[in-house]
Amino acid sequence: MSAQLTVHNSLTRQKEIFKPINEGAIGMYVCGPTVYSDVHLGNCRTFVSFDVIYRYLLHLGYKVRYVRNITDVGHLEGDADTGAEDKISKKARLEQIEPMEVVQKYMNGFHDMMAVFNTKKPSIEPRATGHIVEQIEMVQEIIDNGYAYEKNGSVYFDTVKLAGEGDKYGKLSGRIIEDLLVETRDLKNQDEKRHPSDFAIWIKAAPEHIMRWNSPWSVGFPGWHLECSAMSTKYLGTNFDIHGGGNDLKFPHHENEIAQNYGSCNCEPANYWLHTNMLLMNGKKMSKSVDPETGISNSIAPEELFTGDNPNISKGYSPMVVRFFMLQSHYRSTLDLTDAALAAAEKGYRRLMEGNKILQALAPSKNSTAGDLDKEVNDLIQSANDDMNDDFNAPKAMARLFELVSKINGLKDGHLSIDQITATTIEKLKATFNTFIFEIFGLKDDTLSSGGNGEFETLDGLMQMVIKIRQSARQNKDWGTADTIRDTLKELKIQLKDGKEGTAWSKE
RNA sequence: GGUCGGGUGGCCGAGUGGCUAGGCUCAGGUCUGCAAAACCUGCUACCGCGGUUCGAGUCCGCGUCCGACCUCCA
């Protein structure tokens with residue numbers, strides 16, 4: 001716990017004090033999606049995790065250039081050899097449309113989903129096809145430096161040469177070249193490679209391959225790993241602060257990225273590598289294959305999660321509930337998505353939002369003194385900040401907020417005395433909640449009618465009228481009318497809460 | 001087989017040497033016309049076996065189970 005930001009660096013496998021290259025500014029590159037199909041829910045978790053990291057860095061006052069690419073060429077099915085097919089190309093062939101149509105369609109869908117999850121847009125979102133020139137230049141540099149060789153129009157990275165120069169190849173993933181040799185299966189066109197662990201950085205296009213560009217070596221297309229090296233270098237420089245991505249990208253993608261950067265400029269791209277862990281469902285990896293016993297597949301699309309139209313869940317959950325659910329675990333831990341866990345998250349999310357509403361309406365006492373409670377509250381606020389500094393420990397910071405919610409409810413209930421908290425502390429608490437919930441965690445309060453244009457005011461006015469009518473019925477002991485009003489509202493998913501100081505309402 | 005990471009109370013999930021995580025569920029209570037909400041109280045766990053230590057979910061060793069990557073998958 002300290003005021004200093006520490007991050008877990010995958011490269012060294014330990015927490016390190018974060019020091020940006022240029023004071024006050026941060027360059028961050030995160031591997032974006034390959035847009036050949038609808039966005040995967042696990043992918044959403046990764047980007048929500050990095051969204052919180054991005055938001056927190058901004059909150060700390062850093063100027064952040066956040067680069068997240070769109071992979072629209074080069075990601076192959078199968079090994080990166082000429083026998084395999086580009087994912088985008090394949091989809092275009094199957095759907096009989098232009099590759100760029102495939103890309104546009106799924107990129108739009110991806111952007112929509114990112115908006116639904118309330119993630120901030122990156123500063124730059126470069127596309128691989130828009131940087132073919134840069135990639136060809138990088139291939140040439142790597143060849144010139146002797147780290148790559150051309151064979152039959154394709155260019156391969158010489159992993160053996162790099163591995164011979166210390167720990168430069170395999171450092172991130174903990175792999176050594178001898179192991180790679182043993183593990184590698186029978187691959188097509190292996191004879192073009194000098195070593196099985198070598199990987200393609202330029203691939204000669206097969207006749208049926210639609211996406212192709214001219215290059216000094218052949219009409220072809222860049223290897224998948226190359227785009228991230230080229231684009232991160234272009235927008236963040238040869239050495240930048242943070243590189244992130246899903247855990248599963250560590251090898252081969254990120255390892256090869258590092259290799260390419262060494263090969264082209266003998267420099268290590270990022271100082272800190274951050275990797276998010278996987279999202280599981282019912283304790284297992286999500287998989288579209290159907291279980292022969294149950295007849296259902298262990299997978300769910302984001303839309304299905306919202307609508308509830310999936311056998312793995314009992315009802316739909318709002319995007320903010322899902323985001324809250326994701327925030328309750330650390331980004332480096334696996335997260336198990338189950339119906340029960342989502343239901344729990346939904347309740348917790350509402351408790352947090354309700355707590356904040358009560359807090360914001362809280363009036364400080366005029367004759368208050370800083371008692372024990374004042375200190376407790378200040379300590380909890382400090383802890384929440386410290387937790388975020390400790391490798392972005394959002395779940396722990398969240399726990400601190402819930403402890404504060406407990407205090408807030410106590411104040412509302414009269415169980416705790418507001419005289420024990422100074423007006424300054426109340427103001428600080430209000431600001432802290434708004435900052436954490438909306439700015440850092442990126443949640444939105446969807447328990448309110450969020451239509452804007454005074455829609456909420458209208459609804460609230462109506463509700464106050466209904467509550468008044470019910471109140472007079474209650475005073476006349478007309479329980480039938482009072483309960484009819486309550487039950488009817490419940491059907492409309494509006495809950496009435498009878499308290500000591502009158503009745504409040506909220507949307508479920 | 002190799003590499004990496006895990007096994008925490010009914011469920012989810014923090015926590016790296018001694019101090020209540022938190023959310024949800026469940027049980028009892030306060031309040032309430034009844035209910036809900038809110039509040040209070042209770043349920044006090046750390047895969048197994050060794051070891052280090054005054055003291056270990058927390059460090060070390062072995063075993064065991066699970067997941068990821070190595071092969072398309074975030």
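Each chain gets a letter, A, B and so on, in the order the sequences are listed, and its residues count up from 1. What you see is a predicted model; the values in this text were computed from it and never measured.
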Participant: Please report the distance separating the P of B/C69 from the corresponding atom of B/G55, rounded so that it comes out in whole Å.
Facilitator: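 Pairwise P distance, B/C69 against B/G55, rounds to 42 Å.
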Participant: Is the shortest distance from a Lys or Arg side-chain nitrogen in A/Arg350 or A/Glu346 to a carboxylate oxygen in the other one below 4.0 Å?
Facilitator: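 Judged by the 4.0 Å cut-off on N to carboxylate O distance, A/Arg350 and A/Glu346 do form a salt bridge.
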Participant: Answer yes or no as to whether B/G23 has its base stacked against A/Phe402, where stacking requires a ring-centre separation under 5.5 angstrom and planes under 30 degrees apart.
Facilitator: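 Stacking is absent between B/G23 and A/Phe402, given that the ring centres and planes do not meet under 5.5 Å and under 30°.
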Participant: Over how many whole Å does the gap from A/Asp248 atom CG to B/G6 atom C1' extend?
Facilitator: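 Atom CG in A/Asp248 sits about 17 Å away from atom C1' in B/G6.
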Participant: Return the nucleotide paired to B/G9: Watson-Crick means purine N1 to pyrimidine N3 with N6-O4 or O6-N4, wobble means G-U with N1-O2 and O6-N3, both under 3.5 Å.
Facilitator: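 Partner of B/G9: none.
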Participant: Is any side-chain nitrogen or oxygen of A/Lys250 closer than 4.0 Å to OP1 or OP2 of B/A74?
Facilitator: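 No, outside the criterion.
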Participant: Check this for me: does any side-chain nitrogen of one of A/Arg486 and A/Asp483 sit under 4.0 Å from a carboxylate oxygen of the other?
Facilitator: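 Yes.
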Participant: Rounded to whole angstroms, how far apart are NZ on A/Lys497 and P on B/A38?
Facilitator: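 My rounded result for the distance is 7 Å.
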Participant: When the P atoms of B/G22 and B/A45 are considered, how many whole Å apart are they?
Facilitator: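 So the two P atoms sit 15 Å from each other.
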Participant: Under a 3.5 Å cut-off for both distances, is B/C43 Watson-Crick or wobble paired, and to whom?
Facilitator: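 The base-pairing partner of B/C43, which may sit in any strand shown, does not exist here.
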Participant: Take atom CG of A/Leu327 and atom P of B/G23, then tell me their distance rounded to the nearest Å.
Facilitator: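 Distance check: A/Leu327 CG to B/G23 P gives 16 Å.
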Participant: Do the two ring centres, one from A/Phe47 and one from A/Phe110, sit under 6.0 Å apart?
Facilitator: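 A/Phe47 vs A/Phe110: aromatic centres under 6.0 Å.
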Participant: Does any donor atom in the side chain of A/Thr276 or A/Ser49 lie under 3.5 Å from an acceptor atom in the other side chain?
Facilitator: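 On atom types as modelled, these side chains do not qualify, holding no pair under 3.5 Å.
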Participant: In this structure, how many angstroms lie between the C1' atom of B/C73 and the CG atom of A/Leu41, rounded?
Facilitator: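 Going from CG in A/Leu41 over to C1' in B/C73 covers 14 Å.
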Participant: Between B/G33, B/A74, B/C34, which nucleotide gets closest to the side-chain atoms of A/Arg486?
Facilitator: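 Comparing B/G33, B/A74, B/C34 against the side chain of A/Arg486, the answer is B/C34.
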Participant: So what does A/Asn247 hit on the nucleic acid, given a heavy-atom distance under 4.0 Å: a base, only sugar-phosphate, or nothing?
Facilitator: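 Nothing, no heavy atom under 4.0 Å.
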Participant: Between A/Lys347 and A/Lys15, which residue's closest nucleotide on RNA chain B lies nearer the 5′ terminus?
Facilitator: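 Nearest-nucleotide comparison on RNA chain B picks A/Lys15.
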Participant: Taking the side chain of A/Ser406 as its heavy atoms from C-beta onward, which of B/C70, B/C40, B/A14 lies nearest to it?
Facilitator: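 Selected nucleotide: B/C40.
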Participant: Answer yes or no: is there an ion pair linking A/Lys412 with A/Glu354, defined by an N-O contact shorter than 4.0 Å?
Facilitator: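 No.
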Participant: Figure out the CD/P separation between A/Gln495 and B/A35, and round it to whole Å.
Facilitator: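 From A/Gln495 CD to B/A35 P: 15 Å.
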Participant: Could you check whether A/Arg68 gets within reach of a base, just the sugar-phosphate, or nothing at all, counting any heavy atom under 4.0 Å?
Facilitator: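 Result for A/Arg68 = nothing.
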Participant: P atom, B/C60 versus B/A68: distance in rounded Å?
Facilitator: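 The same atom, P, in both gives a distance of 25 Å.
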Participant: Given the P atoms of B/U20 and B/U41, what is the spacing between them in whole Å?
Facilitator: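 Straight-line distance between the two P atoms is 15 Å.
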Participant: Between A/His254 (NE2) and B/A68 (P), how many Å, whole number?
Facilitator: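 About 19 Å, once rounded to whole Å.
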Participant: According to the Watson-Crick and G-U wobble definitions, with both distances under 3.5 Å, which nucleotide is paired to B/G61?
Facilitator: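 B/C49 is the nucleotide pairing with B/G61.
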Participant: Need one value for A/Met278: base, sugar-phosphate or nothing, where a base atom within 4.0 Å counts as base even if backbone is also close, heavy atoms only.
Facilitator: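 Base contact.
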Participant: Can you tell me how far C1' in B/G7 sits from the matching atom in B/G15, rounded to whole Å?
Facilitator: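 Straight-line distance between the two C1' atoms is 15 Å.
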Participant: Which is it for B/G9, anti or syn, if anything within 90° of zero counts as syn?
Facilitator: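 Anti conformation here, the glycosidic angle of B/G9 being more than 90° from 0.
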Participant: Could you work out the separation of B/A27 and B/C65 based on their P atoms and round it to a whole Å?
Facilitator: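 38 Å, rounded to whole Å.
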Participant: Is it true that A/Asp498 and A/Arg470 have a side-chain N and a carboxylate O under 4.0 angstrom from each other?
Facilitator: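 Result for this pair is yes, salt bridge flagged.
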Participant: Counting side-chain heavy atoms from CB outward, which of B/C40, B/G15, B/G22 is closest to A/Ala399?
Facilitator: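 Minimum distance to the A/Ala399 side chain belongs to B/G22.
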Participant: Under 4.0 Å between a side-chain N or O of A/Ser333 and OP1 or OP2 of B/A14?
Facilitator: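 For A/Ser333, the contact criterion (side-chain N or O under 4.0 Å from OP1 or OP2 of B/A14) is met.
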Participant: Closest approach to the side chain of A/Ser329, judged atom by atom: which nucleotide of B/G13, B/A74, B/G33 is it?
Facilitator: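 Comparing B/G13, B/A74, B/G33 against the side chain of A/Ser329, the answer is B/G13.
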Participant: Tell me which nucleotide, if any, is Watson-Crick or G-U wobble paired with B/U71 when both distances must be under 3.5 Å.
Facilitator: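 None - no nucleotide pairs with B/U71, as no candidate has both distances under 3.5 Å.
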Participant: Does B/A74 have OP1 or OP2 sitting under 4.0 Å from an N or O in the side chain of A/Tyr36?
Facilitator: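 Affirmative; the distance criterion is met.
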Participant: Distance criterion of 3.5 Å, no angle test: do you see the side chain of A/Asp498 paired donor-to-acceptor with the base of B/A37?
Facilitator: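 For A/Asp498, whose side chain was compared with the base of B/A37, there is no donor-acceptor pair (under 3.5 Å).
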Participant: Between B/C40 and B/G23, how many Å separate the two P atoms, rounded to a whole number?
Facilitator: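 Comparing P positions in B/C40 and B/G23 gives a spacing of 10 Å.
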Participant: Could you tell me whether A/Leu335 contacts a base, only the sugar-phosphate backbone, or nothing, with contacts defined as non-hydrogen atoms closer than 4.0 Å?
Facilitator: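 Sugar-phosphate, backbone atoms only, no base.
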Participant: For residues A/Phe306 and A/Phe117, establish whether the separation of their ring centroids is below 6.0 Å.
Facilitator: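 Ring centroids of A/Phe306 and A/Phe117 are less than 6.0 Å from each other.
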Participant: Side chain of A/Arg474 only, please: which of B/U32, B/A74, B/C11 is the nearest?
Facilitator: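 Of the options given, the side chain of A/Arg474 lies nearest B/U32.
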Participant: Would you indicate which nucleotide in B/G33, B/A68, B/G23 comes nearest to any side-chain atom of A/Arg351?
Facilitator: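 The answer is B/G23, which lies nearest to the side chain.
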Participant: Nearest to the side chain of A/Asn393, heavy atoms from C-beta on, is which of B/G15, B/G13, B/G23?
Facilitator: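 Nucleotide nearest to A/Asn393's side chain: B/G15.
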Participant: Nearest nucleotide by nearest heavy atom, which residue falls closer to the 5' end of RNA chain B, A/Lys477 or A/Val405?
Facilitator: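 The residue whose closest nucleotide sits nearer the 5' end is A/Lys477.
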Participant: Would you mind telling me which of B/G5, B/G23, B/A21 lies closest to the side-chain atoms of A/Arg13?
Facilitator: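 Out of B/G5, B/G23, B/A21, the nucleotide with an atom closest to A/Arg13's side chain is B/G5.
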Participant: Any N or O donor-acceptor pair linking the side chain of A/Asp483 to the base of B/G33 at under 3.5 Å?
Facilitator: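 Present.
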Participant: Using whole Å, what does the distance between atom P of nucleotide B/G5 and atom NE2 of A/His330 come to?
Facilitator: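 For the pair A/His330 NE2 and B/G5 P, the rounded distance is 14 Å.
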Participant: Does B/U20 have a Watson-Crick or wobble mate here (both distances under 3.5 Å), and if so which one?
Facilitator: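 With both distances under 3.5 Å required, B/U20 matches none.
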Participant: Which nucleotide, in any strand shown, forms a Watson-Crick or G-U wobble pair with B/A38, with both distances under 3.5 Å?
Facilitator: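 Per the H-bond distance test, B/U30.
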Participant: Under 3.5 Å, is there an N or O donor on one side and an acceptor on the other linking the side chain of A/Arg350 and the base of B/C24?
Facilitator: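 Answer no: no donor N or O sits under 3.5 Å from an acceptor.
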Participant: Distance to the ring centre below 6.0 angstrom and angle to the axis at most 45 degrees; does that hold for A/Lys168 and A/Tyr262?
Facilitator: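 Yes, A/Lys168 sits over the ring of A/Tyr262.
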Participant: How far, in whole Å, is B/C47 from B/A56 if one measures between their P atoms?
Facilitator: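 Here B/A56 and B/C47 have their P atoms 15 Å from each other.
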Participant: Look at A/Asp387 together with A/Arg400 and state whether they make a salt bridge at an N to O cut-off of under 4.0 Å.
Facilitator: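 Yes.
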Participant: Which part of the nucleic acid, if any, lies within reach of A/Leu342 when heavy atoms closer than 4.0 Å are counted: base, sugar-phosphate only, or nothing?
Facilitator: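 Nothing: the residue A/Leu342, judged by heavy atoms under 4.0 Å, touches no strand.
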Participant: Name the nucleic acid region contacted by A/Glu403, choosing base, sugar-phosphate or nothing; use a 4.0 angstrom heavy-atom cut-off, strictly under.
Facilitator: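 Since only primed, P, OP1 and OP2 atoms lie under 4.0 Å of A/Glu403, the category is sugar-phosphate.
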Participant: Provide, to the nearest angstrom, the distance between the CG atom belonging to A/Asp390 and the C1' atom belonging to B/A21.
Facilitator: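 Result: 14 Å.
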Participant: Which is true for A/Gly42 with a 4.0 Å heavy-atom rule: it touches a base, it touches only sugar-phosphate, or it touches nothing?
Facilitator: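 If one applies the 4.0 Å heavy-atom cut-off, A/Gly42 turns out to touch a base.
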Participant: Please find the pair of heavy atoms, one from A/Met388 and one from A/Leu5, that lie closest to each other, and give the distance.
Facilitator: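 Shortest heavy-atom contact: O-CD1, 4.0 Å.
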